[in-house]
Amino acid sequence: MSLETTVHEHQHVETHVHGHEHHDEHHHKETFITKYIFSQDHKTISKQFLITGIIWAVIGGLLSVLFRIQLGFPDANIMWLKPLLGKWITAEGQLAPEFYNALITMHGTILVFFVLTAGLSGTFANYLIPLMCGARDMASGFLNMLSYWFFFLSSIVMGISFFLATGPASGGWTAYPPLNDLHQAATGSIAGVDYWLVSMALFIVSVLLGGLNYVTTVINMRTKGMKMFRLPLPVWALLLTAVIGILSFPVLLSAAVLMLFDRNLDTSFYLDQIYIGGEALANSGGSPILYQHLFWFLGHPEVYIIILPAMGIVSEVLAVHSRKPIFGYTAMIYSLLAITVLSFIVWAHHMFMTGMNPFIGSIFVIFTLIIAVPSAVKVFNWITTLWKGNIRLNPQMLFAIGFVSMFISGGVTGIFLGNSAIDVELHDTYFIVAHFHLVMGVAAFFGMFAGIYHWFPKMFGRFMNPTLGFIHFWGTIICAYLIFFPMHFEYMLPRRYPTHAGFETFGMFGELNQFISVFAFISFACQLIFVFNFFYSIWYGRKARELNPWGATTLEWTTPLRPKHGNWPGEIPEVHRWAYDYSKHGRDFIPQTEPLSQYEIEHGEHGDEGDSAIIQKEKKDDH
Amino acid sequence: MSTLSPDAARQRVWKVCRILGYVTIFEVAAALIYFYFFKEDVPKLLVSSLFIILSALKAYFIMSEFMHLKYELKAMTLTILTPFLFLVWGVIAFLWEGEYWLSLKELWR
Amino acid sequence: METTVQNAKELWNGGDSPFKVSYGKIMIWYFLISDTFTFAGLLISYGAVRTSQPSHKEGDLTSWPDPNEVFSAGPGFHHAPLVFVTFMTFTLIVSSVTMVRAVQEGHYMNKAGVAKWLVWTIIGGLIFVLSQAWEWTHLIHEGMNLKSNPFGASSFGALFFLITGFHGLHVSVGVLMNTWALISTQRGVFHRRGHYEMIEKLGLYWHFVDLVWVYVFLAFYLL
């Protein structure tokens with residue numbers, strides 16, 4: 001094992017953990033494989049997550065382009081897609097309806113899990129936690145490495161399912177039974193769903209391995225002086241994200257196991273009194289609603305797993321680029337905690353229309369409305385952080401502000417949907433699609449973009465091109481609003497229909513759908529600008545020449561320009577203050593590593609502990 | 001870490017072993033007595049509650065003594081025990097829903 | 001007392017473990033919490049499915065079976081409700097105790113003691129797995145499978161085999177890991193390392209398996 005682990009184990013015997021002060025960088029020999037492929041360095045692993053996430057994002061976005069072609073132009077002849085889609089384009093040049101279902105299913109699965117969970121958490125938790133805590137690496141580099149490779153395996157399995165003769169899973173990203181439970185119920189359910197379930201199981205292992213590392217590192221490996229309430233907000237957010245993941249993903253594993261049994265071993269966990277093709281099946285005793293409960297027990301915390309890291313990143317970026325401390329740091333932490341706790345008790349608000357016990361439904365309504373409160377506190381704090389700030393409008397700042405905008409826009413419709421009575425009308429319509437894309441899809445992406453633009457110089461030693469960044473931002477935000485805002489008007493249009501043509505009731509939306517589709521295509525093109533910018537800048541971007549280009553207070557900017565394994569060449573710095581001393585005492589910023597000066601009181605301290613040296617001396621002299 | 005001497009620690013472990021044994025025997029005895037004598041007259045809920053409480057007791061002993069939680073710092077114990085609270089609502093909701101499905105089945109029989 | 005409180009707070013100041021515990025032990029604990037939630041997912045599913053079926057009624061094969069009627073046999077005997085499973089429960093409890101003894105011996109760097117108690121733990125685990133296998137074979141012979149059973153509601157079999165199977169898988173993995181630990185102990189791996197913390201970590205896993213059994217026993221054999 002590496003030198004680090006041995007040092008850890010000896011530390012235990014002495015019953016207290018030293019920081020890693022006594023050895024600097026490693027001198028073990030690294031091959032290409034151990035350095036870049038099976039790397040145990042958190043920085044490399046984070047880049048692996050990021051690049052895999054970007055690749056999946058392009059694929060997921062492409063899928064949405066394909067189904068928006070169908071939705072916007074249902075009568076168009078798309079024979080030109082035959083080289084790509086093969087038999088999924090019919091002889092008449094139309095998209096096969098069962099493939100439309102596969103497109104939306106895979107779009108959701110890929111974006112929710114592979115991009116916004118692995119790509120967002122995996123990247124930033126791995127990159128930021130050790131650096132911001134002042135640790136040389138994650139607690140277990142080995143498990144961390146496994147976490148990425150399980151994600152990779154999971155990606156392979158999911159990717160293979162695209163090439164199955166009967167197609168990938170097509171019963172919705174939520175994989176509800178009985179559609180997904182019976183082989184004969186849908187084309188994708190013949191084989192695709194089994195691959196989906198196995199891929200998810202591998203993915204869950206990846207999330208668990210990662211999460212255990214993140215939590216343990218934040219608890220045990222903060223450097224001297226890095227109290228919990230001196231940690232920058234991204235670390236808090238990523239810590240709580242990991243906690244949520246550790247507790248909620250296992251229940252999805254149970255749900256998946258039960259479904260694999262139903263599909264392949266003829267059990268009836270989710271099936272009862274079921275007819276298919278006119279014939280009654282023998283299965284009895286189960287309930288499809290059981291799956292929904294299990295799924296959403298993960299599914300709801302999952303959306304917080306997606307949004308919390310983005311919230312943490314945005315808090316950081318807003319503070320740094322308005323040269324102001326984040327407003328209400330403590331309240332931000334307590335809000336994160338409240339969201340974490342509440343996220344576990346609201347899951348059935350996704351199930352108001354299942355016919356579940358209405359009284360139990362009302363309990364879920366109450367908790368759902370309560371969870372809006374800490375989110376609102378955070379929104380208020382972000383806006384107040386900006387107020388009278390010395391704002392630098394670079395791409396990351398624009399995306400951070402854009403995040404707040406998206407989160408508010410999508411969040412307010414959540415209040416409607418949290419009420420089961422209104423949900424009767426709105427469930428399974430495009431109102432929901434608009435809601436979650438704004439509040440979770442676009443917002444989380446904005447947080448991710450803000451993080452990438454902001455930490456790119458640290459990760460790669462170069463800057464991304466800001467002009468392309470501005471084009472990317474304005475293109476994306478305008479298109480996102482033009483896509484999803486009008487979608488709210490389609491609140492009676494049912495989801496998951498390949499076409500609404502032929503229904504008189506929905507006939508009025510033909511042009512609106514065209515409009516939305518056109519801006520979806522433009523939006524995808526804007527993302528390609530970002531992808532180009534990202535990869536081009538890794539090799540040809542403007543070189544970063546100073547250690548701390550943004551003038552931030554946090555520890556990651558105290559490492560060398562291209563930090564090696566072990567992060568700090570000498571001793572790990574000690575921390576003496578919180579992460580948000582911007583524009584204090586006439587200074588632009590004060591790094592966390594700088595001790596309090598004689599006259600200073602630490603932020604948040606009252607009373608003797610926080611008294612400056614001079615006051616303490618005076619008090620002592622008075623006695 | 002444990003504040004007991006090696007001998008005391010050893011004795012404690014076997015003591016807890018005996019406690020767990022007695023509790024299990026008591027549980028099984030209660031189950032069998034109920035099955036043979038009181039099945040017709042006494043509602044199962046009474047015995048079920050007894051079983052649940054006794055199982056919780058066994059869980060307490062296993063976690064606090066065998067897994068050493070009693071001797072760890074309180075903060076760590078709290079981080080381990082708090083997630084179980086989330087399960088409480090989960091259990092209640094799932095049992096409630098199960099009952100509701102039963103009532104629906106009877107309604108539409 | 002005050003100094004302990006003060007020190008406990010100071011442990012959070014960074015540069016130390018606030019729980020005074022190595023990262024490996026914290027990881028095992030939180031992994032066990034995640035595994036708890038996996039089992040919990042399965043057990044609450046059992047709860048939902050069971051409460052959605054009529055409770056036991058004599059002669060009604062759509063009602064939930066009475067465990068005292070289903071689990072009344074053992075190797076060489078019949079008509080003795082719950083006896084065999086009680087034996088299995090004791091076996092697992094005792095093997096947990098022997099595991100604690102192994103950990104205790106590890107604290108005093110007593111290599112022979114650790115090995116001895118690990119052997120007992122492994123034996124206990126093996127007896128449990130083999131007993132479970134016997135019970136499964138017996139029930140399958142009686143006609144119980146994933147789709148139906150002669151005792152009552154059809155879901156009973158599927159849930160029983162799934163959950164006891166998942167638990168049995170955990171026990172088997174535990175036996176394998178304990179065997180590996182025994183070999184490593186004999187080879188002096190931990191002695192050279194200076195501590196037997198690995199045994200402690202495996203111990204936590206083993207006690208977790210015992211704990212889950214308490215609830216599986218409750219769910220299927222008592223309630």
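Here is how names work: the chains are called A, B, and so on, in the same order as the sequence lines, proteins then strands, and each is numbered from 1. Because the structure is a prediction, the values reported are computed rather than measured.
- Rounding to the nearest 0.5 angstrom, the gap separating the CD1 atom in Ile62(B) from the CG atom in Asp210(C) is 4.0 Å.
- In this structure, the portion of Leu69(B) lying under 4.5 Å from any heavy atom of chain C is its side chain and not its backbone.
- Heavy-atom distances place the side chain of Val100(C), and not its backbone, under 4.5 Å from chain B.
- In this structure, chain C has heavy atoms under 4.5 Å from both the backbone and the side chain of Ile80(B).
- With hydrogens and angles left out, the side-chain atoms of Ser52(C) and Tyr100(B) include no donor and acceptor closer than 3.5 Å.
- If you measure heavy-atom distances from Phe208(C) to chain B, the contacts under 4.5 Å come from both the backbone and the side chain.
- The OG1 atom of Thr86(C) sits 7.5 Å away from the CG atom of Leu32(B) when rounded to the nearest 0.5 Å.
- Contact of Ala93(B) with chain C is not made at all, since no heavy-atom distance falls under 4.5 Å.
- At a 4.5 Å heavy-atom cutoff, the contact between Pro54(C) and chain B is made by backbone and side-chain atoms alike.
- Tyr36(B) touches chain C through its side chain: at least one heavy atom from C-beta onward sits under 4.5 Å away, while N, CA, C and O do not.
- For chain C, the nearby part of Thr24(B) is the side chain; its heavy atoms alone come within less than 4.5 Å.
- The distance from the CG atom of Leu222(C) to the OG atom of Ser48(B) is 9.0 Å, given to the nearest 0.5 Å.
- With a 4.5 angstrom heavy-atom cutoff, Lys39(B) touches chain C only via side-chain atoms.
- Residue Trp12(C) touches chain B through its side chain alone, counting heavy-atom pairs closer than 4.5 Å.
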For the pair Glu72(B) and Lys25(C), evaluate salt bridge (charged side-chain N to carboxylate O under 4.0 Å, His left out) and give the outcome as yes or no after the intermediate values. CA-CA 12 Å; Glu72(B) 301 283 1; Lys25(C) 217 159 130 188; 3.2 Å; yes
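- Between the CG atom in Leu11(C) and the CE atom in Met76(B) there is a gap of 13.0 Å [rounded to 0.5 Å].
- Contacts between Leu32(C) and chain B at a heavy-atom distance below 4.5 Å involve the side chain alone, from C-beta outward.
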